[in-house]
Amino acid sequence: MTASRILVLNSGSSSLKYQLLDMADSSRLAGGLVERIGEGTSRLVHEPLTGPGAAGGKRERTGAVADHEAALRVVAAELAADGLGLDSPELAAVGHRVVHGGTRFTRPTVVDDEVLAEIRSLIPLAPLHNPANVTGIEVARSLRADLPQVAVFDTAFHATVPEYAARYAIDAETAQKYSIRRYGFHGTSHSYVSRATAALLGRPVEDVNVIVLHLGNGASASAVRGGVCVETSMGLTPLEGLVMGTRSGDLDPAVIFHLSRVGGLSVDEIDSLLNKKSGLLGMCGDNDMREVLRRAGEGDEAASTAFAAYVHRLKKYIGAYSAVLGRVDAVTFTAGVGENAHQVREAAVDGLSELGLALDPEANAVRSAQPRVISAAHARVAVAVVPTDEELEIAAQVYALVTQ
Ligand code: AMP
């Protein structure tokens with residue numbers, strides 16, 4: 001028997017999300033999360049999807065979980081209770097989502113001391129994310145030192161963006177010295193969704209040009225030509241691009257000078273303002289699209305304006321990426337907002353018939369967990385909804401690496 005189980009870990013600053021998958025048949029065995037790690041009352045939600053525990057459904061516990069090591073021990077105990085313990089010989093590897101791979105990491109990489117040190121050296125580029133990712137790797141290594149620990153980078157899929165699209169038009173030496181360029185994020189999702197779109201259309205991925213709109217709490221767009229990413233909206237950090245739940249996306253960089261000189265805000269205050277208190281939240285007080293839609297439906301002006309700004313930015317990127325690709329075969333919506341909010345899809349595509357885009361209103365209104373085409377029969381460009389699955393994509397990449 002070859003080991004075919006992959007544990008996927010996604011470590012945030014105070015959370016640990018996990019899924020255990022069996023890549024012999026791409027099935028999910030269990031999953032869950034520990035949140036509010038180190039905050040006194042932590043919460044664990046664990047869902048066994050196979051074995052004797054599965055019938056009982058989700059299990060929830062609260063209690064103190066001091067740090068990521070304790071969190072992983074709690075997770076290991078839950079898995080063991082379902083007969084899925086981390087000591088199982090069927091576990092082939094642990095896959096870690098790592099946010100920033102810089103220009104160094106463009107593929108899934110088995111972590112050794114040197115790789116870990118390099119991921120650590122990228123912390124200045126992703127101060128909010130990479131430290132937690134490093135911790136997750138260290139803890140998993142300490143529990144099963146014999147297992148391959150594989151880092152899968154959120155930036156990797158965008159490594160193919162050409163130099164002229166990745167560079168900012170600033171002094172070349174300064175850019176080089178401080179590693180300033182477009183890296184892009186959500187790469188695992190853009191990779192998965194662009195390939196799944198080709199499969200949905202029944203065409204080889206090499207023949208299909210797709211604009212992927214990953215609209216979650218964070219949001220990004222990418223232009224993918226024949227399976228190769230050629231442009232993406234997030235930049236040096238996940239702040240650039242679309243209007244998001246709490247991030248501004250694109251803005252004139254001079255806004256920052258203005259806030260500093262005239263408003264007297266510190267760099268950290270501006271960072272927090274643009275990353276955590278802007279976007280939908282900043283414009284109307286709610287970052288959840290469901291709330292924004294509800295309020296806009298009741299005539300709330302701030303929510304309506306926030307929705308209009310969100311959609312307007314999306315349209316600008318659809319237009320820009322149509323120009324970048326030259327020929328577009330599909331525009332695909334994914335993630336929390338993209339998969340669920342038919343109003344966003346309708347508004348984003350509305351008026352873009354000159355670009356070949358038109359929806360079938362009935363198909364757009366359907367709620368489903370399945371990939372589906374929602375464009376009108378006469379439309380030149382397919383519009384699709386493809387639920388993203390970053391854990392499956394990470395597990396697939398890790399399994400391919402450790403079994404090659
Ligand atoms: P994600 O980051 O992909 O988990 O997406 C989370 C976001 O999806 C939430 O903040 C919501 O704004 C949005 N969302 C989830 N369900 C719905 C829904 N039914 N309608 C509109 N937005 C939704």
Side-chain angles (χ1 to χ4, degrees), residues 8 10-19 31-33 35 45 47 97 99 128-129 132 154 184-194 196 212-222 232-234 237-239 241-249 275-298 300 302-311 313-314 332-349 359 361 363-372 374 384-394:
V8 177
N10 182 352
S11 309
S13 56
S14 65
S15 68
L16 176 69
K17 292 190 200 140
Y18 61 96
Q19 277 196 14
L33 88 161
E35 55 186 5
V45 181
E47 187 175 21
R97 175 182 180 225
V99 166
L128 296 178
H129 298 102
D154 239 23
F185 300 88
H186 293 144
T188 308
S189 177
H190 286 283
S191 165
Y192 175 83
V193 170
S194 53
V212 178
L213 303 170
H214 176 110
L215 311 179
N217 197 28
S220 62
S222 69
T232 193
S233 61
M234 285 177 164
T237 77
L239 183 55
L242 301 175
V243 175
M244 310 182 208
T246 66
R247 295 189 195 118
S248 63
N275 273 296
K276 297 186 181 151
K277 297 177 213 151
S278 296
L280 294 173
L281 180 70
M283 289 189 74
C284 75
D286 273 305
N287 67 307
D288 191 317
M289 184 56 84
R290 284 166 287 208
E291 260 320 280
V292 177
L293 286 167
R294 190 191 60 73
R295 286 174 50 197
E298 289 173 354
D300 181 303
S304 301
T305 305
F307 179 77
Y310 185 97
V311 167
R313 188 79 53 86
L314 268 177
T332 304
F333 290 85
T334 191
V337 175
E339 291 166 29
N340 296 300
H342 62 89
Q343 304 91 327
V344 170
R345 298 191 298 257
E346 183 188 337
V349 168
L359 287 187
N364 184 39
V366 171
R367 288 186 70 94
S368 162
Q370 297 303 314
R372 56 206 186 268
I374 58 167
V385 181
V386 173
T388 193
D389 197 337
E390 288 167 278
E391 289 79 13
L392 177 62
E393 175 72 15
I394 290 173

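Each ligand, and each atom within it, is numbered from 1 in the order the structure gives.
A donor-acceptor contact shorter than 3.5 Å links the side chain of D300 to the backbone of A302. Judged purely by atom type and a 3.5 angstrom limit, T334 uses its side chain to pair as donor or acceptor with the backbone of T388. Although no hydrogens or angles enter the test, the distance criterion places no donor-acceptor pair under 3.5 Å between the side chain of S278 and the main chain of S248. Although no hydrogens or angles enter the test, the distance criterion places no donor-acceptor pair under 3.5 Å between the side chain of S11 and the main chain of K17. At distances below 3.5 Å, not a single donor-acceptor pair connects side-chain atoms of R97 with backbone N or O atoms of D154. Between the side chain of R345 and the backbone N or O of N364, at least one donor-acceptor pair lies under 3.5 Å.
Using a 4.0 Å cut-off to heavy atoms of G216, the atoms of ligand 1 that qualify are 1 (P), 2 (O), 3 (O), 5 (O). In summary, the atoms of ligand 1 found under 4.0 Å from a heavy atom of A335, numbered by their order in the structure, are 3 (O). Close approach to R367 involves these atoms of ligand 1, each under 4.0 Å from a residue heavy atom: 19 (N). Close contacts between ligand 1 and A341 involve ligand atoms 21 (C) [criterion: under 4.0 Å to a heavy atom].
The protein heavy atom nearest to atom 19 (N) of ligand 1 is N340 CB, 3.4 Å. Residue, atom and distance of the protein heavy atom nearest to atom 13 (C) of ligand 1 are V337 CG2, 3.6 Å. Looking from atom 15 (C) of ligand 1 to the surrounding protein, the closest heavy atom is R290 CZ, 3.6 Å. Atom 12 (O) of ligand 1 has M289 N, 2.7 Å as its closest protein atom, hydrogens excluded (heavy atom only). Atom 6 (C) of ligand 1 has its closest protein heavy atom at N217 N, 3.8 Å. When hydrogens are left out, the protein atom nearest atom 14 (N) of ligand 1 is G336 O, 3.6 Å; that is the closest non-hydrogen contact.
A salt bridge is defined here as a Lys NZ or Arg NE, NH1 or NH2 lying under 4.0 Å from an Asp or Glu carboxylate O, and R295 with E298 fails to meet this definition.
Of the candidates L293, D288, L281, the one placing a heavy atom closest to atom 10 (O) of ligand 1 is D288.
Distance remark: protein heavy atom not present below 4.0 angstrom from atom 4 (O) of ligand 1.
Ring pair H214/H190 is tilted by interplanar angle, where 30° to 60° counts as tilted.
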